[in-house]
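Presented below is the structure to which this report refers.
For the numbers below, each heavy atom of this structure counts, side chains included, while hydrogens, waters and symmetry mates do not.
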Amino acid sequence: MKTSLAAKYLNTADGHEADAILRSCVHCGFCTATCPTYQLLGDELDSPRGRIYLIKQLLEGNEVTRHTQIHLDRCLTCRSCETTCPSGVRYSRLLDIGRGMVEQAVRRPVSETAMRWALRRLLPYTRPFSLLLYIGQTLAPLLPAVLRQKIPPRSRDAGSLPVVANATRRMLILAGCVQPATSPNTNAATARILARLGIETLTAEQAGCCGAVSYHLSAHEEGLAAMRRNIDAWWPYIEAGVEAIIMTASGCGAMVREYGELLAHDADYAQKAQRVTELCKDISQVLAQENLSGLSITGENKKIRVAFHSPCTLQHAQKITGSVESIL
């Protein structure tokens, strides 16, 4: 795709990166076949190809309107189009850049601005989110059914992570932001499995949200600050020789894998961020490399049926396919 950047974007890092991504798109339209919003709405501007064209117009200095913002907002960032694209267009990265630029150019309605602010202030922080969730769970019986159904039930106390005696192998695990409140048993179960394999699981108390909530809501500097905080929290463990940083939420994994790229221009964090990206592993990748014969299910339990749905962030963003199925 031929582009001609407006003067204000010519000498910017985002401008150069977006220009390179735009030029890799050949407008073939394969992406429209796998885009859920296009399949549902049938509007070209609600397809990856249409959104790419909108971002191209933005970068070339054309008028940006609320109309542009709405079409970019509607993208689910499932990244199915990236798997389909024969040219390898890095659509999600282009979308982040485009959304950030549009956010600076178009004023949102007050209600949207407030909602996005609330999401950034609450979701990335475990304590306030946990408190609000607890209040919601307590009041759930009094709420209308349509709201009550959206509140997850209370989870059992997951307890502390198991300690592996004389462990020679150690891995970090990301606790995340909402997972400790909504699904604490996920990391606990992971730690128990790894303990059976002789691997001790560690958590860095100062680590928190991976940065995705803020970054994907176009608060890029806020998201980058969360990434730097995590790197600072993990670095002493990395220097001590941990084998991997385990992700049990694929959305977080997709974000952490991009630390090296997103902080490449930060002289203080570029090398550390790249090292974090290299150490980032989905739990399925870790287990797929281990001998799991001692964990095999025997007897009547072998008749259990398991359904697995691969998240978009696992199969399209991280390009991990088949690992979970082989383990099961």
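Applying the ring pair (Phe, Tyr, Trp, His ring centres under 6.0 Å) test to every pair with at least one member in residues 62-83, sequence neighbours left out, gives these pairs: H67-H71. Residue pairs meeting the side-chain hydrogen bond (donor to acceptor under 3.5 Å, both in side chains) criterion with at least one partner in residues 188-212, sequence neighbours excluded, are R170-E200. Legend: ring pair (Phe, Tyr, Trp, His ring centres under 6.0 Å) pairs involving residues 181-222, not counting sequence neighbours, sorted by first then second residue: Y215-H220. Legend: side-chain hydrogen bond (donor to acceptor under 3.5 Å, both in side chains) pairs involving residues 246-257, not counting sequence neighbours, sorted by first then second residue: Q179-T248, N187-T248, S250-T313, R257-Q285, R257-Q318.
Taking S111 as the reference, nothing meets the side-chain hydrogen bond (donor to acceptor under 3.5 Å, both in side chains) condition, with sequence neighbours excluded. For W235, the side-chain hydrogen bond (donor to acceptor under 3.5 Å, both in side chains) partners two or more places apart in sequence, or in a different chain, are E239. Take L328 and apply the side-chain contact (heavy atoms from CB on, under 4.5 Å) test, not counting sequence neighbours, and it matches V306, F308, V324. With sequence neighbours excluded, the residues forming a side-chain hydrogen bond (donor to acceptor under 3.5 Å, both in side chains) with Y269 are D232, listed by chain and number. Residues forming a side-chain contact (heavy atoms from CB on, under 4.5 Å) with P144 (at least two apart in sequence, or on another chain): V146, L147. Scanning for side-chain hydrogen bond (donor to acceptor under 3.5 Å, both in side chains) contacts around N185 gives an empty result, with sequence neighbours left out.
In the hydrophobic clustering, where aliphatic and aromatic side chains (Ile, Leu, Val, Met, Phe, Trp, Tyr) are joined below 4.5 Å either directly or transitively, M1 groups with L5, Y9, L10, I21, L22, I52, I55, L58, L59, V64, L72, V89, Y91, L94, L95, I97, M101, V102, V106.
The neighbour count for K319 NZ, taken as heavy atoms of other residues, nucleotides or ligands under 6.0 Å away, is above 12.
Counting all heavy atoms, side chain and backbone alike, T182 lies closest to P152 at CG2-CG, 4.5 Å. Taking all atoms of both residues into account, the shortest heavy-atom contact from K281 to A244 is CG-CB, 3.8 Å. The two residues S284 and I327 have their closest heavy-atom pair at O-CD1, 3.5 Å. When every heavy atom of A140 is checked against every heavy atom of R148, the shortest pair comes out as O-CD, 3.2 Å. Here the closest non-hydrogen pair linking L279 and V242 is CD2-O, 4.2 Å. Closest approach of S155 to A181, counting heavy atoms only: OG-O, 4.3 Å.
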M227 vs M255, side-chain contact (heavy atoms from CB on, under 4.5 Å): CA-CA, chis, key distance, verdict: CA-CA 9 Å; M227 297 174 200; M255 187 83 262; 3.8 Å; yes
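Between the side chain of E60 and the backbone N or O of S4, at least one donor-acceptor pair lies under 3.5 Å.
Taking the charged nitrogens against the carboxylate oxygens, R74 and D43 have no contact shorter than 4.0 Å, which rules out a salt bridge. Between E112 and R66, at least one side-chain N (NZ, or NE/NH1/NH2) sits under 4.0 Å from a carboxylate O, which counts as a salt bridge.
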Mind listing the side-chain donor-acceptor pairs of residues 122-135 below 3.5 Å, one per line with the distance, residues two or more places apart or on another chain?
residue	atom	partner	partner atom	Å
T126	OG1	C177	O	2.9
S130	OG	T126	O	2.6

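With a 4.5 Å cut-off on side-chain heavy atoms, E261 and R93 count as touching.
Remark: the T37 side chain and the D46 side chain contain no N/O donor-acceptor pair separated by less than 3.5 Å. S92 and R79 are linked by a side-chain donor-acceptor pair at a separation below 3.5 angstrom, with hydrogens and angles left out of the test. No side-chain donor-acceptor contact under 3.5 Å links T12 and D14. No side-chain N or O of S87 forms a donor-acceptor pair with one of R23 less than 3.5 Å apart.
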